[in-house]
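What follows is a single structure, written as structure tokens, with notes after it.
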Amino acid sequence: MVDFTLTDEQKDLRELAHNFAEKEIRPVAWEYDRDATWPQEIVEKAWEVGLMNAELPEEYGGPGLGLLSGCLIEEEMGWGCSGIGTSLMANGLAATPVILGGSEELKQQYLGMLTEEPKLASFCLTEPDAGSDVGGMKTRAVKKGDKWVISGSKCFITNGSHASWYTVYAKTDPDAGHRGISAFVVPRDADGVTVDKKEDKLGQRASDTALISFDEVEIPAGNLLGEENHGFKLAMMTLDHTRPGVAALGVGVARAAFEFASEYSKERVQFGVPIAMHQAVAFMIADMATKIEAARLLVWQSAVLLDQGRRNTLAASHAKRFAADAAMEVTVDAVQVYGGYGFIKEYPVEKLMRDAKIMQLYEGTSQIQRLVIAREILNPRPPDTELQTKQETEIQEKAQKEATPA
Ligand SMILES: Cc1cc2nc3c(=O)[nH]c(=O)nc-3n(C[C@H](O)[C@H](O)[C@H](O)COP(=O)(O)OP(=O)(O)OC[C@H]3O[C@@H](n4cnc5c(N)ncnc54)[C@H](O)[C@@H]3O)c2cc1C
């Protein structure tokens, strides 16, 4: 049976997130955008009311909510301001590799840090010369006794200036391409870690995007996440978890633009009637609504698959690609509905158009999503391949056990 009804808990959570976005984020969002200031107060309040770290397991102090619940929060944050929303949600990107591959000790220490205080963590994959092509990274990790020594630079790191720790990807076998990458937890206060630059951006200006350098940074051997040289797999599994959330953020941006445009089209009069009465405008509003509905369904599908313990790689890329492109198209059309006023900063929609652009770029560009989709369709992997999730393995093992006579 397919049932799109949310549980009462999910409805309450969505209402909590919406009220927070309406009262705490919306009134200040355009100011934060203009000044590109860091929304520390909002981070603290969101943490206080339980809107951060939604998926951190209960044993480490988190609420242990499912991915669908996380996506409900993300849509509302995107509706409030996706720049502030990105700042609030980025802990999930850094924490997921720790949840998937960290030792019990690492989980207690680093996940606990995020749930005990309103602290932040960042995911450090991208480098100046290695974006879509992760295998080209130059950051190195070398084992010396009971330590790893990490050197290199990571760019465009969300929350990088404010993070207490980083999930860092580095080459441990430089000749093995993406099969020679490992992942590590690096504390911000380790010697040799520096925040070199905060980027000045087109959109999502309230979010922090930084260049981080690691100069001969020593960390304990136990800070390795998962197996040595399996970091690429961990990064891809992480993106399966987080792409639905980014897509949900995109749905929120699109919904905000759609609401502003619909209202404006009923108020603005040209040729003696509200512009909504002109079919060309009404059809733009109709197309916006359809794209938002379709994007949300893809988000929910990709999240529910993972909540059920099934691999969602294809669904997550469908959701991310479609919702990102929908957010861009809807916000561009919202500016069109506003006419010349849409281009003026005093009106709300130009910010949304600038904010939407990043949806097509971070966590895999729209082209990279299409690469994943094409690969999954043209060369489908059997379920027991290397990107299988832990949950999927558990379900398979359980099914095998049940099918095997005792
Ligand atoms: C605001 C912001 C926040 C970010 N946050 C983080 C973060 O927290 N952590 C992190 O690690 N990274 C982060 N990123 C980095 C982001 O994920 C990368 O920018 C993105 O993956 C693209 O890499 P690139 O910028 O090097 O572009 P490139 O890889 O150089 O791509 C340039 C263009 O070529 C296209 N292209 C590349 N290869 C192919 C191909 N094989 N086929 C078709 N087209 C291709 C791309 O789609 C794109 O249009 C962030 C970026 C920004 C701008």
List the steps, then state whether salt bridge (Lys or Arg N to Asp or Glu O under 4.0 Å) holds for E350 with K345. CA-CA 7 Å; E350 63 82 36; K345 284 196 180 284; 3.4 Å; yes
Separation between CE of M237 and CG of L239, rounded to the nearest 0.5 Å: 11.5 Å
Is E293 salt-bridged to R255, cutoff N-O under 4.0 Å? no
Heavy-atom side-chain proximity of K119 to N91 below 4.5 angstrom: no
Can E117 and W47 be said to form a side-chain hydrogen bond (donor to acceptor under 3.5 Å, both in side chains), step by step? CA-CA 8 Å; E117 279 181 68; W47 182 88; over 6 Å; no
Which heavy-atom pair separates P97 from T238 by the least distance, and what is that distance? CG-OG1, 3.5 Å
So CH2 of W148 and CD1 of I150: to nearest 0.5 Å the spacing works out to 8.5 Å
In sequence, state the C-alpha distance, the side-chain angles, and the governing distance for S122 and N159, and then conclude on side-chain hydrogen bond (donor to acceptor under 3.5 Å, both in side chains). CA-CA 6 Å; S122 296; N159 290 353; 5.5 Å; no
Is the closest side-chain donor-acceptor distance between E228 and S182 under 3.5 Å? no
Check whether the side chains of T172 and N229 place a donor and an acceptor atom closer than 3.5 Å, and report yes or no. yes
Y166 vs F214 aromatic rings, parallel, tilted or perpendicular, using cut-offs 30° and 60°? perpendicular
Less than 4.5 Å apart, side chain to side chain, heavy atoms only: is that true for Q367 and L371? no
Can you name the closest pair of heavy atoms from I285 and S265 and give their distance? CD1-OG, 4.1 Å
Residues A295 and V251: closest non-hydrogen pair is CB-CG2, 3.8 Å
Using only heavy-atom distances, determine whether the side chains of Q40 and E44 contain a donor-acceptor pair under 3.5 Å. yes
Answer yes or no: are there more than 12 heavy-atom neighbours, outside Q279 itself, under 6.0 Å from its atom CD? no
How about Y362 and T86: does a side-chain donor come under 3.5 Å of a side-chain acceptor? yes
Using side-chain heavy atoms (C-beta onward) and a distance below 4.5 Å, is W300 in contact with L6? yes
Just checking, is any N or O donor in the side chain of K201 or T209 under 3.5 Å from an acceptor N or O on the other one? yes
Less than 4.5 Å apart, any side-chain heavy atom of Y338 and any of F260? yes
CE-OG1 distance between M359 and T331, expressed to the nearest 0.5 angstrom: 9.5 Å
Salt-bridge contact R179-D173 (side-chain N to carboxylate O under 4.0 Å): no
Can you list everything that forms a side-chain contact (heavy atoms from CB on, under 4.5 Å) with D325? Sequence neighbours excluded, please. R321, E329, Q360, S366, R370
State, with a plain yes or no, whether a side-chain heavy atom of I42 is found less than 4.5 Å away from one of Y32. yes
Say whether S153 and S213, considering side chains only, have a donor N or O and an acceptor N or O under 3.5 Å apart. yes
Count the heavy atoms belonging to other residues, nucleotides or ligands that lie under 6.0 Å from NZ of K197, then report whether that count exceeds 12. no
Is it true that E9 and K11 make a salt bridge, defined as a side-chain N closer than 4.0 Å to a carboxylate O? no
Do M137 and V134 have side chains that get closer than 4.5 Å, going by heavy atoms? yes
Please round to the nearest 0.5 Å and tell me the distance separating atom CD1 of I275 and atom CE of M284. 7.5 Å
Could you go through the side-chain hydrogen bond (donor to acceptor under 3.5 Å, both in side chains) check for T139 and K171 one step at a time? CA-CA 6 Å; T139 296; K171 281 276 175 74; over 6 Å; no
Steps toward salt bridge (Lys or Arg N to Asp or Glu O under 4.0 Å) verdict (D35, R205): CA-CA 8 Å; D35 303 337; R205 291 169 54 76; over 6 Å; no
Run the salt bridge (Lys or Arg N to Asp or Glu O under 4.0 Å) test on R140 and E216 for me, step by step, so that the C-alpha distance in whole Å, both residues' side-chain angles and the decisive distance to 0.1 Å come before the verdict. CA-CA 9 Å; R140 280 281 278 132; E216 302 271 308; over 6 Å; no
So, are K154 and E127 salt-bridged, with charged N and O less than 4.0 Å apart? yes
Check the pair T313, D240 against side-chain hydrogen bond (donor to acceptor under 3.5 Å, both in side chains), reporting the backbone distance first and the verdict last. CA-CA 5 Å; T313 307; D240 286 349; 2.8 Å; yes
Rounded to the nearest 0.5 Å, what separation is found between the CZ atom of F258 and the CD atom of E263? 9.5 Å
Student check: side-chain heavy atoms of L305 and R311 closer than 4.5 Å: no
Parallel, tilted or perpendicular, as decided by the 30° and 60° cut-offs, for the rings of Y347 and Y264: perpendicular
At what distance, to the nearest 0.5 angstrom, does CE of M89 lie from CG of N53? 9.0 Å
Any side-chain donor-acceptor pair under 3.5 Å between E104 and Y60? yes
